[in-house]
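Structure record follows, encoded as structure tokens.
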Amino acid sequence: MKTNLSSQIKLDLIPRRYYDPQGEVELTALTREEKIYTRIFETVFDGSSYLANNIVKYINRSVSEKGKCVLALGSGMNTHSVYAELIKLHKEGKVSFKNVVVFTIAEFFPLVPDGPCALTLLKEVFLNHVDIAPENIRTFDPAVTKEDMYECCKNYERQIESEGGIDICVCEIGAAGSLAFNESGSPATSLCRLVLLGSEARHKIAGDYKCDAVPTTAITLGISNILSAKRVLTMAWGENNAQIIKKTVEGPTDVTVPASFLQGHPQAKVVVDLPAAETLTRISQPWLVTSCEWNDKLIRRAIVWLCQMTGKPILKLTDKDYNEHGLGELLALYGSAYNVNIKIFNDLQHTITGWPGGKPNADDTYRPERANPYPKRVIVFSPHPDDDVISMGGTFKRLVDQKHDVHVAYETSGNIAVGDEDMIRYVMLMDQIADKFGFDNESYRAKSKEIHEFIRSKKGGEIDLPDVRFLKTMIRRGEARIACNHIGVKPENVHFLNLPFYETGTIKKGDLSEADILIVKKLIADVKPQQIFVAGDLADPHGTHRVCTDAVLAAIDELKDEEWMKDCRIWMYRGAWAEWEIDHIEMAVPISPEELRFKRNSILKHQSQMENAPFLGDDDRLFWQRAEDRNRATAQLYESLGLASYEAMEAFVQYHPI
């Protein structure tokens, strides 16, 4: 059973010499845009191993030179793989922590019994597994009050100073460029202090610590404290960190990106995996820093970039444009700008289709999807009961209208995303109609009273009663059925999988298990589809999409040798959060103004997910607004390249079973 296949999806095959150059000359050329020493590794495991070995080397050297080593450690999720490697090296006898002093770089305030605790997590994932002396583990006074906070922070700084200062600081770079809890706006001179946690940070903490109740404040070492360490080792994994890594490593130092202040530290290292490095110049625009190993995707990316730099459509690019922007190699390979332009123009043109299920009785040589078989059996997998219409509502409608046998599978109930107000109004409605419809009995009145009293006294983070979760599930199912009916899906083709990993009643979810995969596998085996659409939100901000994707890919992996499965194509869509980069898009489905309005109305059928949805994040736009903006932006990009002008487009990338 493979439960992490989404993490192995590589849309680009990056030549090793871009991220692991062998010579100093090439390294200098490749990294000339980078202002911090940055190491890129193919996998999280490789990067974590490199960091752990560096830490061991520094610990052993420091202990040998002065008898001890002082560490300042973060507890963020990105650090855990490094700690696992350190535990392994300790067990192999390569390092001892007997002469190591550890300071936590941050802690939540106030600490509550069921809330997150950085030190507890750090002990669980690292300190409890090595030979560090308990008295050498230092943290902030858990009994501190706001009135004593200033003196507590100063005392903590004095403790660090009395140990000779920090030898090595180990922490992750946060999604918004934070270091410890120094978020946007933290100056380079900031010291140990109490800080307010932003909503994005709190949401990430809820996922990292698998809890609902997250404090709004925390105590943290300041940027100045971190920069005072002799060495700073930071890390980030995954494509959701790619933009902030580029700003940290290549951008100017800026208080909006606190991690960028590491540029002024002579012994700072940033370690990332390939997905997190994907927007660094040497990975995303290697032609600017070295000679390239050209393939179709890289050429397409280069030409789209050139169009954006010059403000020209593809077919108007000239030899001069190529030469002036470092793309003369392509002229040497293809003979002229015209030859390259035509190639890329045709490649992009061939991604566009109004027949996402394949056009029957048509030459499909240059179409993204096969003409036959027709009609196709199709499954659209939707992580939550609205991702289908948000992400691919226009394509969904096209598939139904073009007479394919379309099934939709809602993988989770989505009940945690239904607000109490949305739920209680249905209970109030039932209270009003109970007598007329014959269920005004003692049993119903008792349940209604229990639900009303629970909602009135409900505390933040409290798990809903089973009956409340059931009602919220039914609300989302009802909305999904109405949307499917609006699109024209047959009622018997609407499937609610209710994957067990999701049904915890809290933000904290269980791990993907064989039980989840068997449910998905059974549906696929029953339908025997020729087309599958699956969420490809590999940087999903709250995790459920990623787990759902892993469930589908695991089921596909177990079925891929079946004869009928060999005739199935898998297409990945993205949701309200992001779109595929144009060099990856393999199918782009145009949406007319009327179809875009239809898609909006389909999304609006999910009334519980409008203004009151708890997972809108920091983006003020509603889901239908995000979807429209994203779809219009894709169409505008195609138009700017000189292709046909459409109102909007939905984009897809094909998945090939690993």
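Throughout, residue positions are numbered sequentially from 1 according to the sequence presented. The basis for the numbers below is simple: all heavy atoms, side chains too, and nothing from hydrogens, waters or symmetry mates.
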Ignoring hydrogens and angles, tell me if any N or O in the side chain of [X] forms a donor-acceptor pair with the backbone of [Y] under 3.5 Å.
X	Y	answer
Ser382	Ala409	no
Ser391	Asp388	no
Gln531	Ile379	no
Lys528	Ala525	yes

Between the side chains of [X] and [Y], is a donor N or O closer than 3.5 angstrom to an acceptor N or O?
X	Y	result
Asn415	Glu503	yes
Tyr646	Glu639	no
Glu250	Thr281	yes

Salt-bridge contact [X]-[Y] (side-chain N to carboxylate O under 4.0 Å):
X	Y	answer
Glu421	Lys472	no
Glu558	Lys521	yes
Asp321	Lys312	yes

Should the ring pair [X] and [Y] be called parallel, tilted or perpendicular, given that the plane angle runs from 0 to 90° and is split at 30 and 60?
X	Y	value
His495	His407	parallel
Tyr573	Phe652	perpendicular
Trp305	His325	perpendicular

For residues Val406 and Phe396, determine if any side-chain heavy atom of one lies less than 4.5 Å from a side-chain heavy atom of the other.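 Contact flag for Val406/Phe396 side chains = yes.
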Against Glu239, only a single residue in Lys246, Arg574, Arg546 fulfils salt bridge (Lys or Arg N to Asp or Glu O under 4.0 Å); can you say which?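 So, applying the salt bridge (Lys or Arg N to Asp or Glu O under 4.0 Å) to Glu239 and each of Lys246, Arg574, Arg546, only Arg574 qualifies.
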Is the distance between the ring centroids of His486 and Phe598 under 6.0 Å?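 Yes: the rings meet the under 6.0 Å criterion.
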